[in-house]
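Written below as structure tokens is the structure these notes are about.
Residue numbers begin at 1 in each chain, while the letters A, B, ... track the order of the sequences.
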Amino acid sequence: MPELPEVETTRRGIAPLVTGKTIARVVVRVPSLRWPVPADLARTLVGQTVLAVERRAKYLLLRCSGGHLIIHLGMTGHLRPVLAGAPARKHDHIDLEFTDGSCLRFHDPRRFGAFLWTPDDPHLHPLLVELGPEPFAVEMDGAYLHRRSRRRRAAVKPFIMDQSVVVGIGNIYASEALFRAGIHPGAEAGRLSLPRYERLAWAIREVLDQAIAAGGTTIRDFANTEGNPGYFALQLQVYGREGETCPHCDRPIKTERLGGRSTYYCSHCQKK
DNA sequence: AGTGCGGCCTGTCCGC
DNA sequence: TGCGGACAGGCCGCAC
């Protein structure tokens, strides 16, 4: 499901619901997620207070009194508030119940998500330690992308989706950022000039910023904490629009598979 | 070191 | 109406 804007939308939604609350009970109905949910997760969490809800890349970090709960939404995961004890539906895998009677419920049909615990600095966790800079970090600029791309022979689209290069960009926003930057997704990453990477860095920030402002993108099932869809789908210019007209030149938008992923672009407006 | 692919899962849709 | 296959917003682990 989620790329950075959807995770950030989730973070903003759950933060006011859980910050300052103390965990009373944890129900793990299905522990077989991307990695097994730790068998002692409930024992670890009960009695802990949630101090803050943070985000690193596409990971949510619940900063607790004794460590961090690391949550990844995978492809189809979401977190929603329910009343404690509300009947669980299919794929409602984990509940975090708080002492005030509120409950945060994790739902994830494909089970590519993750619930992990670390008592240490979460940024040093093996899953997080190799991550690249946040797209809004000052050092993530055109010069940075240009430098990191040298001698890379892969296409620029998988290059910007590489979370060790820059985090948060998934399949939707990669196509969108490249369209806004006028760069063909199949262009060889190592051959693009510095000015083109400067334009790309700007486009990445712009599209992610606008998507966050719109509450993320709902293609099939993403919903925010209130159960509402994200409205950035209305602002997608190429993703999912095969055969529709390019908003700039009116020629039909094309699609092809790149690195195993559907890719959308305008062959007239985007150059290699 | 960088690259490409299989695999993890369920649900949905499309063509036959 | 049923069925097989492809595909879906992520990403690890493995061969090369």
Solution key, residues 15-24 of chain A side-chain donor-acceptor pairs under 3.5 Å, sequence neighbours excluded:
from     : atom 1 : to        : atom 2 : distance (Å)
Thr19(A) : OG1    : Ala15(A)  : O      : 2.6
Lys21(A) : NZ     : Leu17(A)  : O      : 2.7
Lys21(A) : NZ     : Asp100(A) : OD2    : 3.1
Lys21(A) : NZ     : Ser102(A) : OG     : 3.1
Thr22(A) : OG1    : Thr49(A)  : OG1    : 2.9

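A donor-acceptor pair under 3.5 Å links the side-chain atoms of Glu3(A) to the main chain of Gly170(A), judged by distance alone. No donor-acceptor pair under 3.5 Å is formed between the side chain of Arg251(A) and the backbone N or O of Cys266(A). Without hydrogens or angle criteria, Arg11(A) side chain to Leu60(A) main chain gives no donor-acceptor distance under 3.5 Å.
Using a 4.5 Å cut-off on side-chain heavy atoms (C-beta onward), Leu4(A) and Pro135(A) make contact.
Screening Arg257(A), Glu256(A), Lys157(A) against Thr263(A) for a side-chain hydrogen bond (donor to acceptor under 3.5 Å, both in side chains) leaves a single residue, Lys157(A).
Secondary-structure annotation of DNA chain C gives the stems B:2-8 with C:10-16, B:10-16 with C:2-8, with a stem taken as at least 3 successive Watson-Crick or G-U pairs whose two distances both fall under 3.5 Å.
One side chain, Glu6(A) or Tyr173(A), offers a donor N or O that lies under 3.5 Å from an acceptor on the other.
dA6(C) and dC5(B) have their P atoms separated by 16 Å, with the value rounded to a whole Å. Here the separation of dC11(C) from dA1(B), taken at their P atoms, is 23 Å to the nearest Å.
Under the side chain to side chain donor-acceptor pair (under 3.5 Å) criterion, the residue pairs touching residues 129-139 of chain A are Arg55(A)-Glu134(A), Arg56(A)-Glu134(A), with sequence neighbours excluded.
In this model, the phosphate group of dT10(B) is not approached by any side-chain N or O of His91(A) to a distance below 4.0 Å at OP1 or OP2. Look at Lys90(A) and you won't find any side-chain N or O under 4.0 angstrom from OP1 or OP2 of dT10(B).
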Listing time: all N or O pairs from protein to nucleotides 12-16 of chain C that are below 3.5 Å?
from    : atom 1 : to       : atom 2 : distance (Å)
dC12(C) : O4'    : Arg34(A) : NH2    : 2.6

Tabulate atom names and distances for all N/O pairs under 3.5 angstrom spanning the protein and nucleotides 6-8 of chain C.
from   : atom 1 : to        : atom 2 : distance (Å)
dA8(C) : OP1    : Ser262(A) : OG     : 2.0
dA8(C) : OP2    : Arg257(A) : NH1    : 3.1
dA8(C) : OP2    : Arg257(A) : NH2    : 3.1
dA8(C) : N3     : Arg110(A) : NH1    : 3.1

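We find that Asp95(A) and Arg29(A) are joined by a salt bridge, their nearest charged nitrogen and carboxylate oxygen being less than 4.0 Å apart.
For Gln163(A), the side-chain contact (heavy atoms from CB on, under 4.5 Å) criterion is met by Lys58(A), Leu131(A), Val167(A), not counting sequence neighbours.
We find that the ring of Phe112(A) and the base of dC11(C) do not stack by the test of centres under 5.5 angstrom and planes tilted less than 30°.
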